[in-house]
Amino acid sequence: MSDTRQKPNLLIVEDEENICELLQFNLELEGYAVSIAQTGVQAVKMVKAEYFDLIILDIMLPEMDGITVCETIRMQNINMPILFLSAKDSVADRIEGLRKGGDDYLTKPFNLEELLLRVEKLVSKNKRLQNTQHLADVYEFSGGKIDFAAHECLDKNGQKQELSKKESALLKLLIERDGETVSREHILQVVWGYNVYPTTRTIDNFILGFRKHFEQDSKSPVFFHSIRGVGYKFTSKEKK
Ligand code: CA
């Protein structure tokens, strides 16, 4: 780890002692601070009390399974990254885990090197996000100026336009991830929450609206991109 100021804080949620030991030993060796929860209930409690840079979450747990733990955590708007670990290997389980808000998935028996690499990747990605999370209330770029708090913007012609709360939220999310593709699932999770999922068309319409406000030519956008089958991307830098 190049950043030695503060060790990344990991939580392992796993009821099998030998796997816990293996993970703890190797992750501490890599420079992480490691906490252990042996049940899902304990994990939920710990997550409420402390920030973790990553949760390694087993699916088959006594009392409360890992999927439910993940769901419970996400319902409380806790965005710590989650790496699912499970003996279950069916595609359906993977999809369910990711759909419930997991960030990655690894099946047992896992390759230790691979696990360590994925952990490192998730932790550093999260750190990057955290650093950009405190976006100021007003964001200015060559397409216009957005005031997230006031829910309004100045469009490409300098005209004031009102934004809905959801439009502001989506703009903020995309701009925070400048240059990165944000998945539909993630947008739905963050902007719409869990209960009311709109159709994909709704996000498309929002993006069309943004283009109208901020793009010189809506048909060949330079800021707001749709990545077919994956999600959406904002890029602040115009590419020729
Ligand atoms: Ca287990």
Side-chain angles (χ1 to χ4, degrees), residues 1 3 6-89 93-133 173 176-177 180 182-183 185-186 188-190 193-194:
M1 298 267 112
D3 186 356
Q6 206 192 348
K7 289 181 177 183
N9 201 17
L10 308 189
L11 175 64
I12 300 171
V13 190
E14 169 66 85
D15 58 323
E16 284 162 71
E17 231 166 275
N18 53 341
I19 296 183
C20 268
E21 269 173 36
L22 168 84
L23 288 176
Q24 182 166 24
F25 178 80
N26 283 284
L27 288 166
E28 284 178 351
L29 210 59
E30 292 286 316
Y32 299 102
V34 177
S35 303
I36 309 264
Q38 274 163 344
T39 68
V41 176
Q42 198 188 346
V44 171
K45 252 186 224 157
M46 289 173 80
V47 160
K48 274 194 218 164
E50 190 180 345
Y51 182 81
F52 293 99
D53 296 281
L54 176 67
I55 304 164
I56 300 175
L57 181 56
D58 186 30
I59 289 188
M60 306 284 275
L61 290 166
E63 297 167 45
M64 184 193 266
D65 68 76
I67 301 270
T68 312
V69 172
C70 176
E71 214 174 2
T72 309
I73 291 173
R74 293 294 188 242
M75 295 243 250
Q76 288 161 13
N77 255 325
I78 296 170
N79 284 317
M80 303 170 193
I82 292 175
L83 169 65
F84 274 117
L85 206 59
S86 173
K88 292 182 162 190
D89 194 16
D93 287 323
R94 280 171 189 259
I95 290 174
E96 194 191 0
L98 296 175
R99 211 169 56 85
K100 298 290 183 183
D103 297 273
D104 203 354
Y105 197 112
L106 207 56
T107 47
K108 294 180 196 168
F110 52 83
N111 174 301
L112 185 62
E113 289 298 308
E114 184 183 3
L115 177 123
L116 294 175
L117 274 173
R118 289 196 190 209
V119 166
E120 194 190 335
K121 226 176 133 185
L122 287 166
V123 167
S124 64
K125 181 178 167 197
N126 186 49
K127 203 164 259 173
R128 275 208 321 276
L129 285 182
Q130 293 250 308
N131 291 339
T132 54
Q133 217 133 60
L173 177 65
E176 276 173 355
R177 304 270 189 106
E180 270 180 56
V182 185
S183 72
E185 289 71 25
H186 189 74
L188 293 174
Q189 183 188 317
V190 172
Y194 282 89

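Just so it is clear, the model here is predicted, and its values are computed rather than measured. FYI, the numbering just counts along the sequence from 1.
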- prompt: If you look at every heavy atom in Cys70 and Gly102, which pair is closest and at what distance?
  reply: SG-N, 3.8 Å
- prompt: About how many Å separate CG of Asp58 and CG of Leu106, when rounded to the nearest 0.5 Å?
  reply: 11.5 Å
task: Heavy atoms only: give me the nearest Gly97-Phe84 pair and the separation to one decimal.
output: O-CE1, 3.1 Å
For Leu85, the option from Ile12, Leu23, Leu57 that meets side chain to side chain contact (heavy atoms under 4.5 Å, CB included): Leu23
task: Check whether more than 12 heavy atoms from other residues, nucleotides or ligands sit under 6.0 Å from atom CD of Glu17, and answer yes or no.
output: no
- request: State whether the side chain of Asp65 and the backbone N or O of Thr68 hold a donor-acceptor pair below 3.5 Å, judged by distance alone.
  value: yes
query: Is there a donor-acceptor pair under 3.5 Å between the side chain of Asp53 and the backbone N or O of Asn126?
result: no
field: Side-chain heavy atoms of Tyr32 within contact of Val123, under 4.5 Å
entry: yes
field: Residue pair Ala37 / Leu11: nearest heavy atoms and the distance that separates them
entry: N-CD1, 4.0 Å
task: State the CG-NZ distance between Leu54 and Lys127, to the nearest 0.5 angstrom.
output: 11.5 Å
message: Salt bridge or not between Lys125 and Glu180? Use side-chain N to carboxylate O under 4.0 Å.
response: no
query: Should Ile55 and Ile73 count as side-chain neighbours, where that means a heavy-atom distance under 4.5 Å?
result: yes
message: Tell me the closest heavy-atom pair linking Asp15 and Met60, and the distance in Å.
response: OD1-O, 3.4 Å
- prompt: Can Leu117 and Lys121 be said to form a side-chain contact (heavy atoms from CB on, under 4.5 Å), step by step?
  reply: CA-CA 6 Å; Leu117 274 173; Lys121 226 176 133 185; over 6 Å; no
- request: Any chance you could measure Asn9, atom CG, to Glu50, atom CD, to the nearest 0.5 Å?
  value: 5.0 Å
query: Would you call Val69 and Val13 a side-chain contact if the rule is heavy atoms closer than 4.5 Å?
result: no
- prompt: If you take all heavy atoms of Ser86 and Tyr105, which pair is closest and at what distance?
  reply: CB-OH, 3.9 Å
task: Taking the side chain as every heavy atom from C-beta outward, state whether Glu176 and Val182 have any pair of such atoms under 4.5 Å apart.
output: no
task: Taking the side chain as every heavy atom from C-beta outward, state whether Thr72 and Met64 have any pair of such atoms under 4.5 Å apart.
output: yes
task: Kindly compute the distance separating OG1 (Thr39) from CD (Glu63), expressed to the nearest 0.5 Å.
output: 5.0 Å
query: Rounded to the nearest 0.5 Å, how far does CD1 of Ile59 lie from NZ of Lys100?
result: 11.5 Å
- request: May I ask you to decide if Glu16's main-chain N or O and Glu14's side chain share a donor-acceptor pair within less than 3.5 Å?
  value: yes
- line: Distance col, row Glu71:CD vs Met75:CE, nearest 0.5 angstrom, shows 5.5 Å
Arg74 side chain to Gly101 backbone, donor-acceptor under 3.5 Å: yes
field: Ile56 and its side chain to side chain contact (heavy atoms under 4.5 Å, CB included) partner, picked from Val34, Ile82, Ile19, Leu27
entry: Leu27
task: Provide the closest heavy-atom pair for Leu61 versus Gln38 in the form atom of the first, atom of the second, distance.
output: CD2-O, 4.2 Å
